[in-house]
Protein chains: 4
Amino acid sequence: MTGPRTSGKKRANGVESRQRILDAAVAIAGERGYDGTSIAAVSARCGLPASSIYWHFRDKDDLIAAVIERSFETWLAAVELPGEEAGTPLDRAMIMAANVAKSLVNEPDFLRLGLMLALERRPEEPRSRTVFFQVRHIARQRIEEVVRFVLPQLDEDAVRLLTTYAIAGADGLFVQREFNGDSVDLVEMFQFHARLVYETGVRMAAERAR
Amino acid sequence: MTGPRTSGKKRANGVESRQRILDAAVAIAGERGYDGTSIAAVSARCGLPASSIYWHFRDKDDLIAAVIERSFETWLAAVELPGEEAGTPLDRAMIMAANVAKSLVNEPDFLRLGLMLALERRPEEPRSRTVFFQVRHIARQRIEEVVRFVLPQLDEDAVRLLTTYAIAGADGLFVQREFNGDSVDLVEMFQFHARLVYETGVRMAAERAR
Amino acid sequence: MTGPRTSGKKRANGVESRQRILDAAVAIAGERGYDGTSIAAVSARCGLPASSIYWHFRDKDDLIAAVIERSFETWLAAVELPGEEAGTPLDRAMIMAANVAKSLVNEPDFLRLGLMLALERRPEEPRSRTVFFQVRHIARQRIEEVVRFVLPQLDEDAVRLLTTYAIAGADGLFVQREFNGDSVDLVEMFQFHARLVYETGVRMAAERAR
Amino acid sequence: MTGPRTSGKKRANGVESRQRILDAAVAIAGERGYDGTSIAAVSARCGLPASSIYWHFRDKDDLIAAVIERSFETWLAAVELPGEEAGTPLDRAMIMAANVAKSLVNEPDFLRLGLMLALERRPEEPRSRTVFFQVRHIARQRIEEVVRFVLPQLDEDAVRLLTTYAIAGADGLFVQREFNGDSVDLVEMFQFHARLVYETGVRMAAERAR
DNA sequence: AATGAATGAGGATTCATTCAT
DNA sequence: AATGAATGAATCCTCATTCAT
């Protein structure tokens, strides 16, 4: 019954505490945004006193930046381009689109928080916002690569345009779902979007060839 | 002793004060969101004491709801479908897309605030959020009408799908611009988007006809 | 028995509240210095909630600066140079020295706080410290005038030197009393000091004449 | 397993750590006073974690008391009465005055902290304050001895008076310099003061002889 | 129509200190 | 000899709101 005593509750375990705090913070920040996330609320949710949060993070901004960093890693892992066995390049892109949609349905906090952060404009830009832009940039490069891979005939300007458009559609559809709830089938919409972007790309390449 | 004094410096002008408050509130709420908008900040920006704000608005929530309502009206006026003299239905839709883009560039506060409001999730939904959903619904109907007008052959499901997609693209591109600043030409992107939606509609109609 | 209802307790009376806050703040800051003066303590002593203090003063620094300003005025009023009927210039200076000593015994808070403020060195100089230096400068000019009046033969360099020395002695004797309590007769020491400074001045003037 | 490891990187050197902590503490306490000195700040400055400070010192008060003790020793060493080869008793006292002035210019932290401590009045007197009074008392005796040595004809009351006055002048001039910065030549002022005290002593002795 | 003053609740953050390792 | 982690109490200050005038 006693088993191997995983942690002994009261004995200092920095790593685990840090995770508990981050878990609480994602949940709250993902729902309430930067200003709406109070340290007291995070403290209440993770069970550690507010002052302990300050042992692990310099300040609220640092905490939220860490939230972004961690959720991005999780998210990134979930959205790899599938291997060749998955079919044609388009097939593989469609599967990826579905995967991204699914990950956004299951863990919407990352993008929700990110979008709120991005929309806000305050006198002194918080570090967390900068961090979101950074990871966002990485994500964008990932998508650019996929576009280049699926539509190799496109020139760089077209790749950039399509990528921008692809991301905009994804963000917009995500927002739509936040509005309308489950009535929006995000997977379906993402695939619709992906096909449209693909077809547009094909047409652009064709026009270029002429 | 003094009689009914019609105007006179401090004798107040309710309407104007209300406008001043709203002007301050749009600016702040459009940049900082709901939680980030403090009555004190609005008071400082409009020059009226906080207590005066409470004379005009029941509470903070009421104020922000009023902000949404007013900016929506302004916005709505700016985005009429142009008259017949503007050319074919598609031409007219393209002009409208450009107009919407321009209005978002000039007055981004309305949509920025709306999106922040929509993304937030809090225990007791604020009235301002509901109001945003309401006006958003009106806007959606407007766009549905345009879709129906431009692509009369489409069935209702397709109209809804296209409308959803059209709005998503618009939101997404707006967000993109908030990220990347002026480097994104919103008018151009909106027209790109409009054409794409239109062509998709045409293809859907053709498929249906078969 | 009811009398003319001076204030009605709960009805807003800004001026009086401000005084109550300042009264509390002098007492505490005069004993504990800048860092030792907590808003909560001031609040407890004056009976107004902490948030009310912030209605009257921008922040703690502003409050303490106001404390300095007000106590300086009080102090200044107490230390006029007596009129001619008081005797020779020296007699009058001696009386003034005694008066200063008495005022410091009765209300030591002003100087005690000021000295603490002056001794502290922090990254960003608080406004209250600057204010103390300002009023201190005024006080110095006052004393310079007295020196000039009592020892008209002195050149300006000598006036400055004697003034510096006079103030240093006053400060030092005050500190001494803070150490040793009532065992130091401040009035007596101030007069001893005043006479010494005077005699030195006389000797300096004589030397100069040669 | 490892045996008694004599030194080895992290094997700690109690004495040195203690010194590092004290070094950091003098600097901070000398600038910010008792309340303004936080353990966290000392920790940051000396590089050791806060908990290590508590290994060396019982509590903050104990730390500051130790600061006083150590700096007093340093200070005391710097201000010996020069030997006979330095000239007449007055010459020697003048040299000593200059030395004291120099030591205060070079290491003002000791006296600055001490004066702040002395001026503060708090409910439960901190041990550090008591310690300052103790060392201050030792310093006072030293000076009394010098006065007695330089002016052997004086009675005890006069010695005490002159000593009090001498210290007051020293403190006051030190404070003056804290106010006005380098524009006050402390060495010069201390010698001016010393001469004045000496001459006063001579006159007092003469009066007594009569 | 407007406002000066007040206020309790809550905001982020720092404090001195402890304790198991 | 030292330290990572934790913690309750206190810090300054802002919040939305009220109310008598």
Side-chain angles (χ1 to χ4, degrees), chain A residues 8 10-18 35-43 48-61 63, chain B residues 5 8 10-18 35 37-43 48-63, chain C residues 8 10-18 35-43 48-63, chain D residues 5 7-8 10-18 35-43 48-61 63:
Chain A
K10 213 75 229 198
R11 289 312 98 239
N13 182 345
V15 188
E16 200 213 288
S17 294
R18 208 188 135 94
D35 285 304
T37 300
S38 79
I39 297 293
V42 175
S43 156
L48 288 142
S51 48
S52 292
I53 297 179
Y54 282 88
W55 168 259
H56 293 277
F57 303 93
R58 189 150 29 83
D59 54 20
K60 177 172 157 172
D61 201 19
L63 169 60
Chain B
R5 288 271 238 102
K10 213 79 229 200
R11 254 308 188 211
N13 180 341
V15 187
E16 201 214 291
S17 291
R18 208 188 135 93
D35 285 303
T37 300
S38 78
I39 298 292
V42 175
S43 155
L48 282 83
S51 46
S52 294
I53 297 179
Y54 280 85
W55 195 90
H56 290 280
F57 303 93
R58 187 151 29 83
D59 55 20
K60 176 174 160 173
D61 203 18
D62 192 39
L63 168 61
Chain C
K10 210 79 232 196
R11 290 312 99 239
N13 183 345
V15 188
E16 200 213 290
S17 294
R18 207 187 136 94
D35 285 304
T37 301
S38 78
I39 298 292
V42 176
S43 157
L48 287 143
S51 48
S52 292
I53 297 179
Y54 283 90
W55 168 259
H56 293 277
F57 303 92
R58 190 150 29 82
D59 54 20
K60 178 173 158 171
D61 200 20
D62 192 38
L63 168 60
Chain D
R5 290 269 239 102
S7 73
K10 213 80 230 199
R11 254 315 188 206
N13 180 342
V15 187
E16 200 214 292
S17 291
R18 206 187 137 92
D35 285 304
T37 300
S38 77
I39 298 293
V42 175
S43 155
L48 281 81
S51 46
S52 294
I53 297 178
Y54 279 86
W55 195 89
H56 290 278
F57 303 93
R58 187 152 28 84
D59 55 19
K60 177 173 159 174
D61 203 20
L63 168 61

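Chain letters run A, B, ... following the sequence lines, proteins first, then strands; residues in each count from 1.
Of the candidate nucleotides E:dA1, F:dT7, E:dT7, F:dT7 has the atom lying nearest to any side-chain atom of A:Pro49. Which of E:dT13, F:dA16, F:dC12 sits closest to the side chain of A:Ile39 comes down to E:dT13. For C:Ser51, counting side-chain heavy atoms from C-beta on, the closest listed nucleotide (F:dT14, F:dA9, E:dT3) is F:dT14. Nearest to the side chain of C:Asp59, among F:dC13, F:dA16, F:dC12, sits F:dC13. Candidate nucleotides F:dT17, F:dA1, E:dA16 were compared by shortest atom distance to the side chain of D:Trp55, and F:dA1 ranks first. Of the listed nucleotides (E:dA2, F:dA6, E:dA16), E:dA2 has the atom at the smallest distance from the side chain of B:Ser52.
In this model, the phosphate group of F:dA6 is approached by a side-chain N or O of A:Ser17 to a distance below 4.0 Å at OP1 or OP2. For C:His56 and E:dA6, the shortest distance from a side-chain N or O to OP1 or OP2 is below 4.0 Å.
To the nearest 0.5 Å, atom OG of residue A:Ser17 and atom CH2 of residue A:Trp55 are 11.5 Å apart.
D:Asp61 has its CG atom 15 Å from the C1' atom of E:dC15, to the nearest Å. Atom P of nucleotide E:dA6 and atom OH of C:Tyr54 are separated by 16 Å, given to the nearest angstrom. Rounded to a whole Å, the CG atom of C:Asn13 is 13 Å from the C1' atom of F:dT21. In this structure, the CD1 atom of A:Ile53 is 18 Å from the P atom of E:dC15, given to the nearest Å. Rounded to whole Å, atom P of F:dT11 lies 10 Å from atom CG of D:Asp35.
Comparing C:Ala50 and A:Lys60 along DNA chain E, the residue whose closest nucleotide (by nearest heavy atom) sits nearer the 5' end is C:Ala50. Taking the nucleotide of DNA chain F with the nearest heavy atom to each of A:Leu48 and D:Arg18, the more 5' of the two is matched to D:Arg18. In terms of position on DNA chain E, the residue among A:Ala41 and D:Ser38 whose nearest nucleotide sits closer to the 5' end is A:Ala41.
Taking a pair as Watson-Crick or G-U wobble with both distances under 3.5 Å, the runs of three or more consecutive pairs in DNA chain E are E:2-21 with F:2-21.
The two atoms that bring B:His56 and B:Arg18 nearest to each other are O-NH1, 3.8 Å, heavy atoms only.
Every residue meeting the side-chain contact (heavy atoms from CB on, under 4.5 Å) condition with D:Ala50, not counting sequence neighbours, appears here in chain and number order: D:Ile39, D:Ser43. Partners of B:Asp59 under the side chain to side chain donor-acceptor pair (under 3.5 Å) rule, at least two apart in sequence or in another chain, do not exist in this structure.
Among the protein residues, C:Ser43 comes within range of no part of the nucleic acid, since none of its heavy atoms lies under 4.0 Å from any strand.
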